Amino acid sequence: MSDQPLSKVNMDKIVSLCKRRGFIFQSSEIYGGLGSCWDYGPLGVELKRNIKDAWWQATVQQRDDMVGLDAAILMHPQTWVASGHIEGFSDPLVECKSCHRRFRVDEIEGESCPSCQGELTEPRLFNLMFKTFLGPVEDDAEVIYLRPETAQGIFVNFQNVLATTRKKLPFGIAQIGKAFRNEITTGNFIFRTREFEQMEIEFFVKPGTDEEWFNYWIEERLQWYVKLGIRRENLRLRQHTGEELAHYARSCSDIEYLFPMGWGELEGIANRGDFDLVQHAAYSGKSLVYFDEDSGEHFTPYIIEPSAGVDRSALAFLLDAYDEEPDKEGIRVVLRLHLDLAPVKVAVLPLSRKEELIRVAEEIYADLRKCWIVQYDDAQSIGRRYRRQDEIGTPFCVTIDFQSLENHQVTIRERDTMRQIRLPIAELKSTLTAKLGGEPLEVLPPGGSKWLGFED
Ligand code: ATP
């Protein structure tokens with residue numbers, strides 16, 4: 001993580017918004033919290049679901065050359081021998097002899113403990129995988145690991161997927177799932193945690209076409225973030241240098257985001273060559289070779305791996321969407337989340353708690369909930385309620401007022417511009433569908449009109 005330049009958004013504001021509004025809580029908070037583990041609250045879980053859905057749609061649903069998988073978190077222990085994790089997935093650490101804190105060697109300056117100035121031990125390797133036991137006996141022979149990445153579940157299922165889908169090269173397998181790493185340097189909120197979710201693609205290609213596909217996936221994945229609203233200037237590509245390259249990689253580029261603490265990895269795209277399939281074939285004794293019907297050749301495919309983190313993406317989307325602007329009451333906080341990512345799509349707001357109004361509002365609320373996550377709010381002034389929705393990124397508010405009872409019309413207010421349109425209740429669902437699909441607010445439905453506060 002580099003220090004310069006710094007982004008304009010302050011992490012404390014995001015952490016506090018996330019806690020205050022129910023996006024993200026510290027894990028086991030009532031017991032004082034658990035280091036670098038976080039719980040996603042009612043809004044956070046929707047945001048994460050939307051990120052994962054957007055990824056799944058772009059990588060699996062809308063492509064003919066990709067299929068999905070959901071492999072188990074617990075895998076045969078030999079997997080991690082073959083993958084190199086048992087031997088290589090470790091950081092050299094030093095421990096302070098006084099306070100017993102551990103630090104990564106590459107992150108300390110000087111010879112003494114950065115925390116208490118105590119004396120440090122010699123560096124030793126510390127494996128990042130969490131160990132547990134399979135079955136009732138806590139015996140060395142029963143040791144297994146919580147997976148530190150989802151990728152291996154894909155490699156070991158390569159032949160299963162090939163045989164059952166009859167896919168031909170080039171094709172990919174995509175997976176979303178939890179991964180666990182006993183990280184040493186944690187912090188920066190959900191940037192680096194010990195339990196996190198990954199969205200990984202393993203794309204199998206014919207050797208010789210690998211660099212072309214590597215470049216293709218870098219561009220494809222970069223555009224995914226941009227399409228979902230991240231400003232291009234807050235993203236950059238960073239190619240790994242020779243000595244930085246992982247043991248399995250022929251080349252690797254990171255998509256980095258300008259986090260408040262500096263540029264940091266959002267996603268890594270690696271050309272893994274044939275390393276993984278060759279290793280698993282050798283350790284399992286099973287053939288993981290591909291037969292190319294067109295050329296009559298047998299070969300081990302090369303793999304291009306775009307590997308993204310759900311949690312880091314969520315943090316980047318939140319940071320990039322966060323905005324403050326001056327208004328009559330001071331500062332308006334708006335989360336300008338992409339329409340597809342906003343946790344709540346619509347808020348239904350009756351102007352008062354009068355019974356007749358509530359009846360109409362509740363009917364609308366029940367109807368809209370069939371399509372989207374919708375909130376109902378009738379507490380405090382309408383201005384306050386708009387602000388509450390702006391702060392959590394709700395794209396549209398529907399307001400029901402006394403006139404609605406007479407002319408069966410309601411208003412829709414747009415989060416980003418605060419402009420409003422008036423329309424018949426009968427047109428509400430189809431209009432919201434169109435607006436949530438990106439149609440500009442000024443395109444009016446039958447019987448619709450611009451409303452107060454609408455400025456061209
Ligand atoms: P870093 O160098 O930041 O530790 P990495 O290079 O080890 O990351 P990869 O193994 O390439 O990460 O994992 C792919 C993606 O998974 C990362 O780009 C990141 O989005 C996510 N990821 C990895 N480790 C963590 C973690 N501890 N917490 C949250 N997300 C993570």
Side-chain angles (χ1 to χ4, degrees), residues 1-2 11 24 27 34-40 44 48 51-52 55 59 80 83-85 88-93 104-107 126-130 145-155 174-202 214 217-218 221-222 224-225 230 235-241 243-259 261-272 275-276 303-319:
M1 173 117 0
S2 64
M11 186 77 96
I24 300 166
S27 164
L34 181 68
S36 282
C37 294
W38 298 90
D39 296 343
Y40 287 78
K48 263 218 301 185
I51 292 171
K52 290 186 277 185
W55 186 87
T59 56
W80 309 111
S83 68
H85 281 83
F89 197 57
S90 49
D91 282 339
L93 297 184
R104 262 164 61 172
V105 173
D106 58 348
E107 289 192 344
F126 177 85
N127 197 291
L128 299 183
M129 284 196 292
F130 281 99
Y145 300 91
L146 301 188
R147 66 179 177 199
E149 60 178 30
T150 59
Q152 302 299 327
I154 299 181
F155 303 140
Q175 174 165 230
I176 300 176
K178 289 258 178 167
F180 304 82
R181 294 183 191 176
N182 202 357
E183 298 276 8
I184 305 309
T185 18
T186 52
N188 289 324
F189 197 29
I190 53 170
F191 177 82
R192 190 186 306 284
T193 55
R194 296 196 165 105
E195 175 178 343
F196 55 98
E197 257 182 304
Q198 287 188 314
M199 306 182 281
E200 293 198 300
I201 299 168
E202 304 302 331
F214 175 64
W217 276 110
I218 292 174
R221 294 300 306 142
L222 188 65
W224 184 79
Y225 294 101
I230 296 211
L235 292 167
R236 76 172 187 192
L237 285 171
R238 196 182 64 81
Q239 204 172 354
H240 285 211
T241 55
E243 37 184 71
E244 202 187 344
L245 273 183
H247 61 280
Y248 52 76
R250 298 168 68 87
S251 39
C252 186
S253 273
D254 289 344
I255 298 177
E256 294 190 332
Y257 179 74
L258 186 56
F259 288 98
M261 58 283 184
W263 290 99
E265 175 182 332
L266 204 49
E267 170 160 355
I269 296 132
N271 178 351
R272 302 179 69 112
F275 176 83
D276 307 281
I303 296 176
I304 310 302
E305 177 193 72
S307 171
V310 180
D311 313 77
R312 272 191 207 174
S313 302
L315 181 57
F317 285 123
L318 284 167
L319 285 161

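Numbering of ligands and ligand atoms starts at 1, following listing order. All values reported here derive from a predicted model rather than from experimental measurement.
Checked by atom type, the side-chain pair Ser253/Gln239 shows no donor-acceptor distance below 3.5 Å.
Taking the six-membered ring where the residue is Trp, the centroids of Phe191 and Phe189 are separated by 6.0 Å or more.
At least one donor-acceptor pair closer than 3.5 Å links the side chain of Asn127 to the backbone N or O of His85. Here the side chain of Asp311 pairs a donor or acceptor atom with the backbone of Glu197 at under 3.5 angstrom. Judged purely by atom type and a 3.5 angstrom limit, Arg272 has no side-chain atom pairing as donor or acceptor with the backbone of Tyr248.
Arg250 pairs by the salt bridge (Lys or Arg N to Asp or Glu O under 4.0 Å) definition with Asp210, not counting sequence neighbours.
Of all the heavy atoms of Leu266, the ones lying under 4.0 Å from any atom of ligand 1 belong exclusively to the backbone. The part of Glu267 lying near ligand 1 is the backbone, judged by heavy-atom distances below 4.0 Å.
Compare Arg192, Met199, Glu183 by their heavy atoms: the one nearest to atom 4 (O) of ligand 1 is in Arg192. With distances taken over non-hydrogen atoms, the option nearest atom 25 (C) of ligand 1 out of Phe180, Tyr257, Phe191, Phe196 is Phe196.
The shortest N or O to N or O distance between Ile190 and ligand 1 is not under 3.5 Å.
Contact between Glu149 and ligand 1 is absent, with no heavy atom of the residue lying under 4.0 Å from the ligand. Remark: distances from the non-hydrogen atoms of Asp311 to ligand 1 are all 4.0 Å or more.
Scanning the protein for heavy atoms near atom 28 (N) of ligand 1, the closest one is Thr193 N, 2.9 Å.
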